[in-house]
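First listed ligand is number 1; within each ligand, the first listed atom is number 1. Since this is a predicted model, take the numbers as computed values, not measurements. Because only heavy atoms are used, hydrogens play no part in the values below, and waters and symmetry mates are left out as well, while side chains stay in. We count residues from 1, following the sequence as given.
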Amino acid sequence: MGKINKSIAELVGRTPLLELVNYEKKHDLKARLLVKLEYFNPNQSVKDRIALAMVEDAEKKGLLKPGYTIVETTSGNTGIGLAAIAAAKGYKFRVYIQDNVSKERFQVIQAFGGETIKLSEEPAIAKVLEETNGDFVAAIDALRKEVLSKEKDIFFVDQVSNPANPAIHEATTGPEIWEDTDGKVDILVANVGTGGTVSGTGKFLKSKNPDIKVVALQPGPNSLPSEANPEPEEITGVHPFEGIPKERVPATMNLDIYDEKFEVETVEAYTAAREAAKNDGILVGTSSGAAIYAATQIAKRPENESKTIVAVLPDTGLRYLSTPLFG
Ligand SMILES: Cc1ncc(COP(=O)(O)O)c(C=O)c1O
């Protein structure tokens with residue numbers, strides 16, 4: 001029977017799992033390394049899932065109505081996913097983006113008809129970022145209180161506190177991994193930005209098998225801004241969740257869900273992403289490289305011999321052609 005889709009909403013999710021067989025051989029891994037290729041989503045990232053889920057949740061709750069503008073702050077992928085869903089559903093879209101993300105992200109959102117504003121261009125946000133040394137949660141608070149509260153017919157998506165974010169991973173990403181592995185999965189490796197992926201996927205997998213180990217990734221010390229190195233090359237979309245004040249951890253991150261925190265440096269992520277491209281022909285972004293790197297180190301531990309590790313790879317490498325990863 002034929003199948004013709006009527007909206008990109010129907011193309012979100014059900015992404016494939018791939019075993020990196022050549023990469024496994026090269027690293028002499030005794031564990032199976034499976035990657036979930038989120039770039040198979042219609043706008044090439046894991047964020048298509050939450051974009052659709054948060055919009056449809058708001059429609060159901062009456063928070064988003066025809067004629068409204070959808071607003072979000074994001075390092076890029078959520079903005080791209082939302083811009084496309086907004087275009088397909090006929091809403092206006094405006095996004096506030098961190099200044100240092102790659103220019104492709106701005107271009108793609110604009111191509112979907114979205115408006116892009118750099119965080120530094122909005123005075124109320126710029127002030128808070130300077131005062132708090134780049135606290136994203138505080139910046140979002142300022143946006144809500146000092147900018148959006150003065151406007152009408154706005155739906156502020158707020159992926160860092162929106163429960164529809166982890167919920168869609170619990171409802172889709174987790175079950176897909178479970179089904180595609182026939183339940184034979186031992187370790188989940190996922191990056192943490194909002195924490196939606198690791199919290200929702202981890203929750204589902206642990207509900208099926210409490211012995212599944214969940215590993216949450218955060219950037220290593222050399223990949224975060226510091227006094228000595230205020231502008232390091234960062235892992236786009238990935239933020240620390242340990243070693244920072246609890247109030248700065250997004251509400252969407254469940255700090256009880258992971259068994260291990262694993263730190264990855266940007267250069268390690270680059271190496272792994274480049275190797276995966278050369279060995280297995282997958283072109284993925286920096287955070288995907290971080291997940292592959294972490295999964296490799298975990299696979300090499302003697303206790304993990306013959307285990308199955310699933311690493312969630314958030315986005316396409318095409319979004320990094322102008323960055324040091326592939327530039
Ligand atoms: C490229 C990239 N990788 C990883 C993540 C982290 O995913 P999550 O927000 O579900 O924790 C994000 C989120 O912004 C991202 O944009």
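- Here Tyr320 has side-chain heavy atoms under 4.0 Å from ligand 1, and that is the only part of it that gets that close.
- Both the sub-6.0 Å distance and the 45° axial angle are not jointly satisfied by Lys61 relative to the ring of Phe155.
- Remark: ligand 1 and Val238 share no N or O pair separated by less than 3.5 Å (distance only, no angle test).
- At least one N or O atom of Asn77 sits closer than 3.5 Å to an N or O atom of ligand 1.
- Salt-bridge annotation for Glu151 and Arg94: present, with a side-chain N of the basic residue lying under 4.0 Å from a carboxylate O of the acidic one.
- One finds no salt bridge joining Glu115 and Lys92 here, because no Lys/Arg side-chain nitrogen approaches an Asp/Glu carboxylate oxygen to under 4.0 Å.
- Contact annotation: for Thr286 versus ligand 1, there are no heavy atoms closer than 4.0 Å.
- At a heavy-atom distance under 4.0 Å, atoms from both the backbone and the side chain of Thr194 approach ligand 1.
- By the 3.5 Å distance cut-off applied to N or O atoms, His169 is not counted among the residues near ligand 1.
- Glu303 has no carboxylate O lying under 4.0 Å from a charged side-chain N of Lys213, or vice versa, which leaves the two without a salt bridge.
- By the 4.0 Å N-to-carboxylate-O rule, Lys89 lies close enough to Glu56 to be salt-bridged with it.
- Under 4.0 Å from ligand 1, not a single heavy atom of Met253 appears.
- Here is the list of ligand 1 atoms found below 4.0 Å of a heavy atom in Val192: 11 (O).
- The closest approach between Lys47 and ligand 1 falls below 4.0 Å for a heavy atom of the residue.
- Ligand 1 lies within reach of Gly195, whose nearest heavy atom is under 4.0 Å from it.
- Heavy atoms from both the backbone and the side chain of Thr197 come within less than 4.0 Å of ligand 1.
- At a threshold of 4.0 Å, the pair Asp280-Lys26 does not count as salt-bridged, since none of the basic side-chain nitrogens sits closer than that to a carboxylate oxygen.
- Grouping the Ile, Leu, Val, Met, Phe, Trp and Tyr side chains by contacts below 4.5 angstrom, directly or via other members, places Val192 with Leu188.
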